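When a residue number appears, it is its place in the shown sequence, counting from 1. No experiment lies behind these values; they were computed from the predicted model shown.
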Amino acid sequence: MKTRMDTTRLLDLGARGVHLLFANDEIEAAFEQDASALRAELTGRAAEVGSAIDALMQLDDLDRGRALIDSLDAHVRHILVLIYFDMLDTHVRQEATRH
């Protein structure tokens, strides 16, 4: 059986400021985007973003994950960064309520 991407580990490390799937300049570029424009972009590319997320979740290697992300259109990469940080925020809040 193939091992899949360990999202809990990614989010635990992300909570400590270590973002393994995204380069710092990619994170910065994503947060510099106009939020309403990205929402509109997501509406038109939801299937593409969903496929990228599904593909990432099937990978068992971070290098392959980064390569996949790097191969995507810039708008899709930016959307993935923002989704990741939304997930990270949720993860941190859930962890805080457990302790």
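- One distance of note links CG of Asp6 with CG of Leu10; it measures 6.5 Å at 0.5 Å rounding.
- A search for salt bridge (charged side-chain N to carboxylate O under 4.0 Å, His left out) contacts involving Asp34 returns nothing, not counting sequence neighbours.
- Within the model, atoms CD1 of Ile79 and CG of Leu42 stand 5.0 Å from one another, a figure rounded to the nearest 0.5 Å.
- Aromatic pair Tyr84/His19: centroids less than 6.0 angstrom apart.
- Taking both residues in full, the closest heavy atoms of Ala30 and Leu38 are given as O-CD1, 4.1 Å, listed atom of the first, atom of the second, then distance.
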Begin with the C-alpha distance, continue with both residues' side-chain angles, and end with the deciding distance and a verdict on side-chain contact (heavy atoms from CB on, under 4.5 Å) for Gln33 and Glu41. CA-CA 11 Å; Gln33 303 304 304; Glu41 188 78 25; over 6 Å; no
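- Nearest approach of Leu56 to Leu80, heavy atoms of both residues: CD1-CD1, 4.4 Å.
- In this structure, the side chain of His91 does not engage the main chain of Met87 through any donor-acceptor pair within 3.5 Å.
- The shortest side-chain heavy-atom distance between Glu32 and His78 does not fall under the 4.5 Å cut-off.
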Could you walk me through whether Arg16 and Asp12 pass salt bridge (Lys or Arg N to Asp or Glu O under 4.0 Å), step by step? CA-CA 7 Å; Arg16 293 180 182 92; Asp12 285 343; 5.4 Å; no
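- Side-chain contact between Leu62 and Arg66 is present, with at least one heavy-atom pair separated by less than 4.5 Å.
- Between Leu68 and Ala55, the shortest heavy-atom distance links the atoms CD2-CB, 3.7 Å.
- Between Arg45 and Asp73 there is a salt bridge, since a side-chain N of the basic residue sits under 4.0 Å from a carboxylate O of the acidic one.
- Note that OG1 of Thr8 is 8.5 Å distant from CD of Glu95, once rounded to the nearest 0.5 Å.
- When atom types are taken as modelled, the side chain of Arg64 and the backbone of Asp60 share no donor-acceptor pair closer than 3.5 angstrom.
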Show, in sequence, the C-alpha distance, side-chain angles and deciding distance for Arg9 and Leu13, and conclude whether the side-chain contact (heavy atoms from CB on, under 4.5 Å) test is met. CA-CA 6 Å; Arg9 178 175 172 259; Leu13 289 170; 4.0 Å; yes
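- To the nearest 0.5 Å, atoms OG1 (Thr90) and CD (Gln94) are separated by 6.5 Å.
- Side-chain contact between Ile83 and Val49 is present, with heavy atoms from C-beta onward closer than 4.5 Å.
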